[in-house]
2 protein chains.
Amino acid sequence: MSRKRFDEMNCSIARSLEQVGDWWTLLIVREAFFGTTAFSEFQEALGIAKNILTQRLDHLVANGIFERRQVRPGVERHEYFLTDKGRDLMPVLVALVQWGDRWLFGEGNEPLRVIDAEQRVQIAPLKVCDAAGREVAPSQLRFRPGPGATERTLRVFEERRSKRRAASIQ
Amino acid sequence: MSRKRFDEMNCSIARSLEQVGDWWTLLIVREAFFGTTAFSEFQEALGIAKNILTQRLDHLVANGIFERRQVRPGVERHEYFLTDKGRDLMPVLVALVQWGDRWLFGEGNEPLRVIDAEQRVQIAPLKVCDAAGREVAPSQLRFRPGPGATERTLRVFEERRSKRRAASIQ
DNA sequence: GAATCTGGTTGCGTCATGCAACCGTATGAT
DNA sequence: ATCATACGGTTGCATGACGCAACCAGATTC
């Protein structure tokens, strides 16, 4: 039986994970942010098997996260570049880096630093702000069904809500 | 051969993915943010096989992302709650939601909305700011080796840097 | 006291992953 | 001109992860 697909799940997280959620993909994207473009560089830097790397890069190209360019016409040699869609994964990587720094490495042991290329200064923890620009504490955040929610999502939310209500009455 | 482990990789992204990087984990965390606590609720809402859910929850509890509590002493029934470490994954989920909304669903079709529980208003795209609080465009962000970087990381960075220098001279 | 719910465990089949070997083309050294 | 090497893969094989269904024991409900 194949891996369960998240395609039909009506959820941005599930659908995003369908494209970038397997073991290697985000590391390949990270490597591309380091400036890596060649197959062999990805392979050596990550220690990934070549067949798997081939699969992943094909998948990423098919999903428009990487663009594959021939180095010279007539020569079968390629370079892989992030597209706008791929570069837009940066906040996901930053969020993961910051979580890992905080909970797995601890202050002062960060293996990676995220900086502003112009000012050359380190960046601060990601901020979640409301539409008016006011910062919102992560504990204040809630998920709610959006305009594209399905009946199923709405039902699950309603169930959870009534459950919590019942629990708070007791 | 088992899956390759990212444990020894000296990178926050790799180590984070080691804890939350498999197919189901972030969806289980998402579900917990919805208010789900019971095994059967996770199972039904996600459509995940029970044995896999057992494994994932055990793994998440072992890594301190979930806490497992007995509903009543003497009764073998449990509830699963996010710990602080688990709740701190919210920015990662928000980043994924926003990426998926933007590139996979498009405006107006978002299946999920992230709101501020107090103000009940929707939140804006994640902002990356420098230490002084100025916003930094994602395209301006760069990764650099940090204080905990290994020799290997430094070497890879140096190689990439000299390669780019050579390319820009041509 | 029978049925159902809950939270799993077990067994089985299939797919994904990792490894090593191979291969055709292009480039560089002798 | 020839030999070696790098590049970008492909192929074959072994093993582990995943999905599914069946089963199960204790608690709760009818």
Side-chain angles (χ1 to χ4, degrees), chain A residues 1-9 14 17-28 31-32 36-62 66-81 159 163 166, chain B residues 1-9 14 17-28 31-32 36-62 66-81 159 163 166:
Chain A
M1 213 73 2
S2 101
R3 216 207 68 228
K4 185 133 180 179
R5 319 244 72 204
F6 297 151
D7 287 331
E8 358 56 56
M9 283 196 196
L17 290 175
E18 188 63 40
Q19 298 209 347
V20 299
D22 58 30
W23 283 108
W24 288 107
T25 297
L26 284 178
L27 289 179
I28 294 172
E31 201 58 33
T36 298
T37 58
F39 185 92
S40 57
E41 285 175 337
F42 284 107
Q43 208 244 313
E44 193 200 6
L46 295 174
I48 181 176
K50 290 166 151 208
N51 50 352
I52 306 295
L53 180 56
T54 302
Q55 285 176 32
R56 290 295 166 273
L57 285 172
D58 287 351
H59 187 241
L60 285 164
V61 169
F66 274 88
E67 188 193 347
R68 175 186 177 140
R69 293 190 208 142
Q70 274 189 313
V71 171
R72 269 203 316 284
V75 177
E76 276 307 308
R77 211 170 133 195
H78 309 106
E79 289 181 316
Y80 296 88
F81 292 95
E159 279 172 22
K163 202 194 69 172
Chain B
M1 212 75 4
S2 99
R3 217 206 66 229
K4 185 132 178 179
R5 319 245 72 206
F6 297 152
D7 286 332
E8 0 56 54
M9 283 196 196
L17 290 174
E18 188 62 40
Q19 297 209 347
V20 300
D22 58 30
W23 284 107
W24 287 108
T25 297
L26 283 178
L27 289 179
I28 295 172
E31 200 58 33
T36 299
T37 58
F39 185 93
S40 56
E41 285 176 336
F42 284 107
Q43 208 246 312
E44 193 201 6
L46 295 174
I48 183 177
K50 290 166 151 208
N51 48 353
I52 306 296
L53 180 57
T54 303
Q55 285 176 31
R56 290 293 165 275
L57 286 172
D58 287 352
H59 187 240
L60 286 163
V61 169
F66 275 88
E67 188 191 349
R68 176 187 177 139
R69 294 189 207 144
Q70 273 190 312
V71 171
R72 269 202 317 282
V75 177
E76 276 306 308
R77 213 173 132 194
H78 308 106
E79 287 180 319
Y80 296 89
F81 293 95
E159 278 172 24
K163 201 193 69 172

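Naming convention: chains lettered A, B, ... in sequence-line order (proteins, then strands); numbering from 1 in each chain.
Judged by the 6.0 Å and 45° rule, B:R69 forms a cation-pi pair with B:F81.
Between the CZ atom of B:R56 and the P atom of D:dG19 there is a distance of 8 Å, rounded to whole Å. Atom CZ of B:F39 is separated from atom C1' of C:dG7 by 6 Å (rounded to the nearest Å). Rounded to an integer number of Å, the gap from B:L57 CG to C:dG7 P is 11 Å. Atom CD1 in A:I48 sits about 7 Å away from atom P in C:dG18, given to the nearest Å. The nearest whole Å value for the distance from the CZ atom in B:F6 to the P atom in C:dT17 is 10 Å. The NZ-P distance, from A:K4 to C:dT14, rounds to 19 Å in whole Å. Spacing between atom CH2 of A:W24 and atom P of C:dT17 amounts to 11 Å, rounded to whole angstrom units. Taking atom CG on B:D58 and atom P on D:dC18, their separation rounds to 14 Å, with Å as the unit.
Here A:H78 does not reach the OP1 or OP2 of D:dC7: none of its side-chain N or O atoms lies under 4.0 Å away. For B:R68 and C:dG8, the shortest distance from a side-chain N or O to OP1 or OP2 is below 4.0 Å.
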Atom pairs and distances, donor-acceptor, side-chain atoms in residues 43-50 of chain B, under 3.5 Å, two or more places apart:
{"unit_1": "B:Q43", "atom_1": "NE2", "unit_2": "B:I48", "atom_2": "O", "d": "3.1"}

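Salt bridge present: B:E18 and B:R5 bring a charged side-chain N and a carboxylate O closer than 4.0 Å.
For B:N51 against C:dG11, a side-chain-to-base donor-acceptor contact under 3.5 Å is present.
If you find the closest nucleotide of DNA chain C to A:R77 and to A:Q55, the one lying nearer the 5' end belongs to A:Q55.
Within the 4.5 Å cutoff, side-chain heavy atoms of B:R3 are placed close to those of A:W23. In this structure, the side chains of B:R68 and B:D58 come closer than 4.5 Å at one or more pairs of heavy atoms.
Nucleic acid contact class of A:Y80 (heavy atoms, under 4.0 Å, all strands): sugar-phosphate only.
Taking every side-chain heavy atom of A:T54 into account, D:dG9 is the closest of C:dG8, C:dT17, D:dG9. Of the candidates D:dG8, D:dG19, C:dG18, the closest approach to any side-chain atom of A:A49 belongs to C:dG18. Side-chain proximity of B:S40 to D:dG9, C:dT6, D:dC7: nearest is C:dT6.
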